[in-house]
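Some notes on the structure that comes next.
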Amino acid sequence: MHGEIYASGWMNRLARGFYERDPLDVAPDLLNKLLVVSAGPDRLVARIVEVEAYRGSEDPASHAYRGSTPRNATMFGPPGHLYVYFTYGMHHCANVVCWPPGRAGAVLLRAAAPLSGLEAMRRARAREIGDRELLNGPAKLCKALGLTRQADGIDLVSGASGVWVGDDGVEPPADPAVGVRVGIRNGTELPWRWWVRGDVHVSRPLREIHSSWSASLRA
DNA sequence: CTTTGGATCGTCT
DNA sequence: GACGATCCAAAGG
């Protein structure tokens, strides 16, 4: 057990306006932000190092592509809320909702670096694993932080549920790595995955796409 | 190191 | 009835 302590200890909760934008803009801005989950006596903190953008009706890979359903309803609500879904009969994945109410969009939280509450995370994972494997995948992240379908709809901006995203002054990478999204069947060519280049906590090493042409694929 | 297949059930067609 | 915005263990190079 050797978790680092995040630099200064202070952090600001992100405001509604941060989320009320195009997921393509929110996603890279979330890199290096802090995900905070209050779990009873434990305060779990992790630095986001990998994300993917999903653009609702304009994105064939998005759960919201074909409109609102009971499952994805949160994505159609106000920005700054948590969208948690259940998949493969056993896994949960967490997103932050973007864009104004009525327009579905989200950023999937794919990986993070654990900063605090590592023992609680390890307990939740119920496996003997190192720090780097605690949060290096969207379903692993949810398992370690205790995020289930019950957390769907939580308002990250108020922080009233003990779950929020904070800024401790560490800037997003000026030149993040960009690549295609993982595990989808449609929209596989869209370079809408971002990660902190070289960070050992990412879910897995995939090919980077050169940034010059990724900007042209906003449809 | 990479590849492959099984697990497992809520959701939508 | 089919299929996941995944993970893991086992097998192969």
Side-chain angles (χ1 to χ4, degrees), chain A residues 19 22-24 26-28 30-31 35 46 48-77 79 81-99 103-112 114 121-154 156 165 176-195 200-207 209 214 217 219:
Chain A
Y19 303 100
D22 190 323
L24 296 186
V26 176
L30 276 171
L31 294 176
L35 177 59
I48 298 166
V49 298
E50 180 186 340
V51 294
E52 286 177 357
Y54 287 87
R55 293 181 92 212
S57 62
E58 301 167 37
D59 178 1
S62 173
H63 289 168
Y65 185 55
R66 304 194 179 272
S68 178
T69 68
R71 174 165 84 145
N72 65 22
T74 298
M75 263 204 278
F76 289 82
H81 287 244
L82 201 62
Y83 166 52
V84 182
Y85 66 89
F86 180 70
T87 190
Y88 290 106
M90 63 189 95
H91 297 305
H92 292 275
C93 295
N95 305 248
V96 299
V97 174
C98 302
W99 265 334
R103 188 174 188 186
V107 174
L108 173 67
L109 304 177
R110 283 198 57 90
M121 294 181 198
R122 220 183 306 276
R123 250 182 280 125
R125 286 295 306 281
R127 315 185 71 240
E128 295 200 359
I129 50 179
D131 298 0
R132 288 153 307 189
E133 304 163 304
L134 241 25
L135 306 168
N136 64 340
K140 298 176 185 175
L141 184 152
C142 280
K143 184 99 184 280
L145 299 180
L147 298 176
T148 68
R149 189 68 179 153
Q150 287 200 335
D152 180 58
I154 280 179
L156 302 168
V165 180
V178 181
V180 298
R181 295 173 295 180
V182 178
I184 54 173
R185 298 185 66 84
N186 302 311
T188 54
E189 74 290 352
L190 299 170
W192 291 351
R193 173 178 182 244
W194 290 263
W195 68 95
V200 300
H201 303 93
V202 298
S203 66
R204 52 167 140 162
L206 284 188
R207 211 186 336 286
I209 292 178
S214 66
L217 280 169

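Each chain gets a letter, A, B and so on, in the order its sequence line appears, and its residues count up from 1. Since the structure is predicted, the reported quantities are computational estimates derived from the model, not experimental observations. Side-chain atoms are counted along with the backbone in the values below, which use heavy atoms only and exclude waters and symmetry mates.
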DNA chain B base-pair string [pairs: Watson-Crick or G-U under 3.5 Å; |: paired with another strand]
|||||||.||||.

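- Residues passing the side-chain contact (heavy atoms from CB on, under 4.5 Å) test with A:A177 are A:W195, A:R197, A:E208, sequence neighbours excluded.
- Both A:R185 and A:L141 lie near DNA chain C, and the one whose nearest nucleotide falls closer to the 5' end is A:R185.
- The side-chain hydrogen bond (donor to acceptor under 3.5 Å, both in side chains) check on A:N95 picks up nothing, with sequence neighbours excluded.
- The ring pair (Phe, Tyr, Trp, His ring centres under 6.0 Å) check on A:Y85 picks up A:H63, A:Y83, with sequence neighbours excluded.
- In this view, A:R181 and A:E52, A:Y54, A:D59, A:A61, A:I184, A:L190, A:W192, A:R193 satisfy the side-chain contact (heavy atoms from CB on, under 4.5 Å) rule, not counting sequence neighbours.
- The ring pair (Phe, Tyr, Trp, His ring centres under 6.0 Å) test applied to A:H92 returns A:F86, not counting sequence neighbours.
- Nucleotides of DNA chain C that come within less than 4.0 Å of any heavy atom of chain A span, from the 5' end to the 3' end, C:dG4 to C:dA9.
- Nucleotides B:dT3 and C:dA5 have their P atoms positioned 22 Å apart, rounded to a whole Å.
- Using a 4.5 Å heavy-atom threshold, the side chains of A:H81 and A:Y19 count as separate.
- With sequence neighbours excluded, the residues that form a side-chain contact (heavy atoms from CB on, under 4.5 Å) with A:A111 are A:V49, A:E50.
- Legend: residues meeting side-chain contact (heavy atoms from CB on, under 4.5 Å) with A:R123, ordered by chain and number and at least two apart, are A:D42, A:E119, A:A120.
- For A:R71, there are no salt bridge (charged side-chain N to carboxylate O under 4.0 Å, His left out) partners two or more places apart in sequence or in a different chain.
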Under 4.0 Å protein heavy-atom contact, by nucleotide of nucleotides 1-13 of chain B - B base, S sugar-phosphate only
------BBBSSS-

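- A search for salt bridge (charged side-chain N to carboxylate O under 4.0 Å, His left out) contacts involving A:R149 returns A:D152, not counting sequence neighbours.
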